[in-house]
Novice: 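Pasting a structure below so you can have a look.
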Protein chains: 6
Amino acid sequence: MPRPDYMLLTRKVEFSASHVCSNPAWSPAENLRVYGNNSNPNGHGHNYVLEVTLEGVPDPVTGMVFDLRELKEILNQEVVDPMDHRFLNREVPPFDRVIPTTENIAAEIWKRLEGRVVRTNARLRNVRLYETPDLYVDYGG
Amino acid sequence: MPRPDYMLLTRKVEFSASHVCSNPAWSPAENLRVYGNNSNPNGHGHNYVLEVTLEGVPDPVTGMVFDLRELKEILNQEVVDPMDHRFLNREVPPFDRVIPTTENIAAEIWKRLEGRVVRTNARLRNVRLYETPDLYVDYGG
Amino acid sequence: MPRPDYMLLTRKVEFSASHVCSNPAWSPAENLRVYGNNSNPNGHGHNYVLEVTLEGVPDPVTGMVFDLRELKEILNQEVVDPMDHRFLNREVPPFDRVIPTTENIAAEIWKRLEGRVVRTNARLRNVRLYETPDLYVDYGG
Amino acid sequence: MPRPDYMLLTRKVEFSASHVCSNPAWSPAENLRVYGNNSNPNGHGHNYVLEVTLEGVPDPVTGMVFDLRELKEILNQEVVDPMDHRFLNREVPPFDRVIPTTENIAAEIWKRLEGRVVRTNARLRNVRLYETPDLYVDYGG
Amino acid sequence: MPRPDYMLLTRKVEFSASHVCSNPAWSPAENLRVYGNNSNPNGHGHNYVLEVTLEGVPDPVTGMVFDLRELKEILNQEVVDPMDHRFLNREVPPFDRVIPTTENIAAEIWKRLEGRVVRTNARLRNVRLYETPDLYVDYGG
Amino acid sequence: MPRPDYMLLTRKVEFSASHVCSNPAWSPAENLRVYGNNSNPNGHGHNYVLEVTLEGVPDPVTGMVFDLRELKEILNQEVVDPMDHRFLNREVPPFDRVIPTTENIAAEIWKRLEGRVVRTNARLRNVRLYETPDLYVDYGG
């Protein structure tokens, strides 16, 4: 059986944010039915944990899939700096019009990162976002 | 490269149970050889950690793959309520006749859940069961 | 050396909430200087982890310091139900007038619990509150 | 302010066991009322996590409070070997007559260890026993 | 939808080692540019966490994908015994000539294990290596 | 019973380093007997986890025991910057002449911090240092 010809490299970062899940076209009762206490209009918050996975072939000279410091800087620029200590619905587009469910936040993080981490030998493979230690979403995986 | 067209949603629950791994057709010595101290007929126990993963497309209106409260209720009905604080071999069929290895418990949980979580936009994708923090099985992955 | 004559019993619960740390008597610049990005007026959030420790002598008949289900119910009534999925400053007194630093939230939880867990053989000993996995406060310890 | 003149050294080990909490003098209904589902006579189990803390003055020559390999061997002899993969009530005295609540197991572990770890410069200081990640007892602390 | 016809079995082990990432053909400044503080020639260390995943069909009689004690022994022989408490570059070939990036260590562990865990019903599927809790590589996944 | 009049504030940081435990006055065999594989002269490494605890009275105006950003900066200056990615024995005095057991590293960290965190309302209370997740030392506790 041949050996695998690529590797996955995963880096974890955290950010603390608040959000509300509610549809402005619906009544409070309807939002409560669909989103439960996530629909509280004052917002509530989480320590989000993000694991970003790149797929790639290690550079034959350096033995690395991606420069780790560069990856950290990209994650800070695209995710941590704009989202940490923010109320997502009010301060981080597109969550002024896209409901910040864990699914939608993961998809937005994918959009922000996919073009930033493309290299000859590497590309974005998965975005995993934990809302709590007991609940997470994978996009790409 | 096109964006992925589905997401994975994972929810974690825990239950404490005891079990014995031994084949009634074998001698105690043979069971000890195959299952080690798992063959102790008095049973021993674990804090099992279960991660259930659904694959699906987020509903375009709600932005969710699955209703989280409904998922929790299904996991309680099918797994936590019948298995928590139980001696699996004596109290939870089919483990009166199926040896409750981690592999077999994971397969049983798959059977209990697959029909309960099918939706137009979602289905069961993986059952991960930790027997200890250092040992786990994935079924479906 | 004599054996210790009491035990500590600790139970962990979690709640997700948002908060703002800012002093209404100060300018935004002054609040930013003191509280950093915690002063963002829109709020941000955390998955707070609370460990409540009771000190007591195990009941000689039951072998327990405290009824575990009763303890869980008290924690739900006094902390989780009123604080989970809430914006503390706007929805949970006294945080409309007391700045919800981790220190002040821990002290408030102490006040809410001390009278509820007093028994002939037990009393509140410590409240530990994690704001993030890397930062926590102990009150009583 | 003077510097502290002693240190604490803590080592963690794990064991998987099953137990029942019930008083033979009581009816099943009474045991259910006091111990809840812990009273299931078939037993149930946990991955117990034990943290043993010694208090001592580091040896001025070696810079160590206690020989770590010797400590591990003592923990194996006194706790892990006799309790791991066992049904405590049936196989590990005194739990044939002492109800194995977390409190009582911690006290038994203290008794087993206190004489084994006494040195000129060290002694047992605390036994912490986790029944689950959300519930633990300290004895000595 | 048919049920999956195989399972994944994962076992975790840990080892503490030190390493240096630097290319002998390069100047210290060039190595610093590429590897950052990983290029410190004195070495530095990590508690590496290794998760080895086998893919297989549970044996219909035992209900197990692989003998767990045998797997642990193989991991000890091939990874933990030769690498734990070692300076990889100086003591563990091929890291005298292959730069021990996380990627290269994972690939070396794959090579050491792939032939040892092949059975009629099982084979190596993935090697996951954590350098720190925030950074890991998957090979095979 | 009066309420406690102080709080503890704990902040966690990590650093990766390598070390050797051996006494230059002894033979390799004697060092092996005392320190086991920690005496390997090439060194080996760990992801050290440090929890620093301050004792203090929250400032009545800010509601904080200590400025969190200032604390983080002090920990970086005194511990993380000088020790991270270093071979302690060769690069971080006094470990050129003091054997870097976990006990001795914890005491050195205490010395570096005690004068830096003294305030009217706060002082250093405890230094906890994990060498691995299963072994840690407390100094001051």
Side-chain angles (χ1 to χ4, degrees), chain B residues 12-22 28-29 31-51 76-77 79-97 99-102 105 128-137, chain D residues 12-22 28-29 31-51 76-77 79-97 99-102 105 128-137:
Chain B
K12 186 166 88 169
V13 295
E14 301 188 37
F15 60 97
S16 297
S18 58
H19 72 145
V20 173
C21 292
S22 76
N31 274 307
L32 186 64
R33 192 186 63 76
V34 173
Y35 294 109
N37 53 13
N38 282 306
S39 68
N40 174 0
N42 291 306
H44 66 281
H46 299 290
N47 300 325
Y48 287 97
V49 176
L50 171 66
E51 293 192 358
N76 282 338
Q77 287 174 3
V79 182
V80 179
D81 291 348
M83 297 192 187
D84 188 40
H85 281 70
R86 296 292 170 190
F87 189 154
L88 298 179
N89 305 59
R90 294 191 194 168
E91 302 180 271
V92 185
F95 301 119
D96 50 342
R97 56 187 196 280
I99 300 170
T101 58
T102 314
I105 304 173
R128 174 174 289 187
L129 185 65
Y130 287 82
E131 188 178 282
T132 69
D134 295 341
L135 181 69
Y136 60 88
V137 158
Chain D
K12 186 166 88 168
V13 294
E14 300 187 39
F15 60 95
S16 298
S18 58
H19 73 146
V20 173
C21 292
S22 76
N31 275 306
L32 186 64
R33 192 187 61 79
V34 173
Y35 295 109
N37 54 13
N38 282 306
S39 67
N40 174 359
N42 291 305
H44 66 280
H46 300 288
N47 300 325
Y48 287 98
V49 175
L50 171 66
E51 293 192 358
N76 282 338
Q77 287 174 4
V79 182
V80 179
D81 290 347
M83 296 191 189
D84 187 40
H85 281 73
R86 297 291 171 191
F87 190 156
L88 297 179
N89 305 60
R90 295 193 192 166
E91 302 181 271
V92 185
F95 301 118
D96 50 341
R97 58 187 194 281
I99 299 170
T101 58
T102 315
I105 304 173
R128 174 175 288 188
L129 185 64
Y130 286 82
E131 188 178 282
T132 69
D134 295 341
L135 182 69
Y136 60 88
V137 158

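Keep in mind it's a predicted model, so treat the numbers as computed, not measured. Just the heavy atoms: all of them, side chains too, but no hydrogens, waters or symmetry mates, feed the values below. In what follows, chains are A, B, ... by sequence order, proteins preceding strands, each numbered from 1.
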Novice: Of the backbone (N, CA, C, O) and the side chain (C-beta and beyond), which part of D:Glu131 lies under 4.5 Å from a heavy atom of chain B, both, or neither?
Specialist: backbone
Novice: Could you give the distance from OG1 (D:Thr132) to CG (B:Asn47), rounded to the nearest 0.5 Å?
Specialist: 6.0 Å
Novice: For residues 15-22 of chain B, give me every residue with a non-hydrogen atom less than 4.5 Å from any non-hydrogen atom of chain D.
Specialist: B:Ser16, B:Ala17, B:Ser18
Novice: How would you list, in number order, the residues of residues 36-44 of chain D that have a heavy atom less than 4.5 Å from chain B?
Specialist: D:Asn37, D:Asn38, D:Asn40, D:Asn42, D:Gly43, D:His44
Novice: Chain B heavy atoms under 4.5 Å from D:Arg86: which part of the residue, side chain, backbone, both or neither?
Specialist: both
